[in-house]
Amino acid sequence: MKSALVLFAHGARAASWAAPFERLRDLSAARLPDCTVRLAFLELMEPRLPETVAQLVAGGVDEVTIVPVFLGQGGHLLRDLPLLAEGLRVAHPALRLTVVGAVGEDPGVLAAMTDYCVRSIS
């Protein structure tokens with residue numbers, strides 16, 4: 001199996017907004033040398049999720065995990081992402097697609113963010 005990790009972010013008009021997500025992609029890729037790691041956006045920026053997954057599948061990837069790099073389960077993750085995932089499953093029926101929860105809802109991420117907030121007043 002050839003696997004890929006796709007970090008899924010919202011997107012913004014300012015190109016500089018993507019910088020922390022690009023660093024996250026690069027840091028993740030460094031820790032996953034046997035896995036392709038990509039960054040894809042919902043809107044306002046490229047590449048978009050469907051194009052990213054299509055490129056991965058064309059390159060021989062047969063297993064994709066999507067990690068929403070959102071702080072919580074808002075409308076985009078409750079409505080838009082399930083529709084996108086269903087479209088990906090229809091377009092690539094042989095693809096094993098996994099969508100995990102929002103990164104900001106992970107207890108370890110929340111703990112790291114809490115530590116940061118607490119340190120900010122020290």
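The model shown is predicted, which means the values in this text are computed figures rather than measured ones. Only this structure's heavy atoms are used, side chains among them; waters, hydrogens and symmetry mates stay out.
In this structure the side chain of S28 reaches within 4.5 angstrom of the side chain of L24, judged on heavy atoms. Residues F8 and L84 form a side-chain contact, since some pair of their non-hydrogen atoms from C-beta on lies under 4.5 Å apart. Side-chain contact between L71 and M113: present, with at least one pair of heavy atoms (C-beta onward) separated by less than 4.5 Å. Using a 4.5 Å cut-off on side-chain heavy atoms (C-beta onward), L97 and I66 make contact. With contacts defined as side-chain heavy-atom distances shorter than 4.5 Å, the pair L88/L49 qualifies. Taking the side chain as every heavy atom from C-beta outward, V6 and V67 never approach each other to under 4.5 Å.
Partners of R38 under the salt bridge (Lys or Arg N to Asp or Glu O under 4.0 Å) rule, at least two apart in sequence or in another chain, do not exist in this structure. Checked against salt bridge (Lys or Arg N to Asp or Glu O under 4.0 Å), R96 has the following partners two or more places apart in sequence or in another chain: E63.
The shortest heavy-atom contact between H76 and L42 is ND1-CD2, 3.1 Å. Of all the heavy atoms in S120 and C117, the pair that sits closest is OG-O, 2.5 Å. For F21 against L7, the heavy-atom pair with the smallest separation is O-CD1, 4.5 Å. Scanning both residues, F41 and A18, for their nearest heavy atoms gives CZ-CB, 4.1 Å. What you find for V100 and T65 is that their closest heavy atoms are CG1-CG2, 4.2 Å. The nearest pair of heavy atoms linking M45 to W17 is SD-CE3, 3.7 Å.
Counting only distance, with no hydrogens or angles, the side chain of E105 and the backbone of Q73 share a donor-acceptor pair below 3.5 Å. Proximity of a side-chain donor or acceptor of K2 to a complementary backbone N or O of G59 within less than 3.5 Å is detected.
Within a 6.0 Å sphere centred on CG of L44, heavy atoms belonging to other residues, nucleotides or ligands number more than 12.
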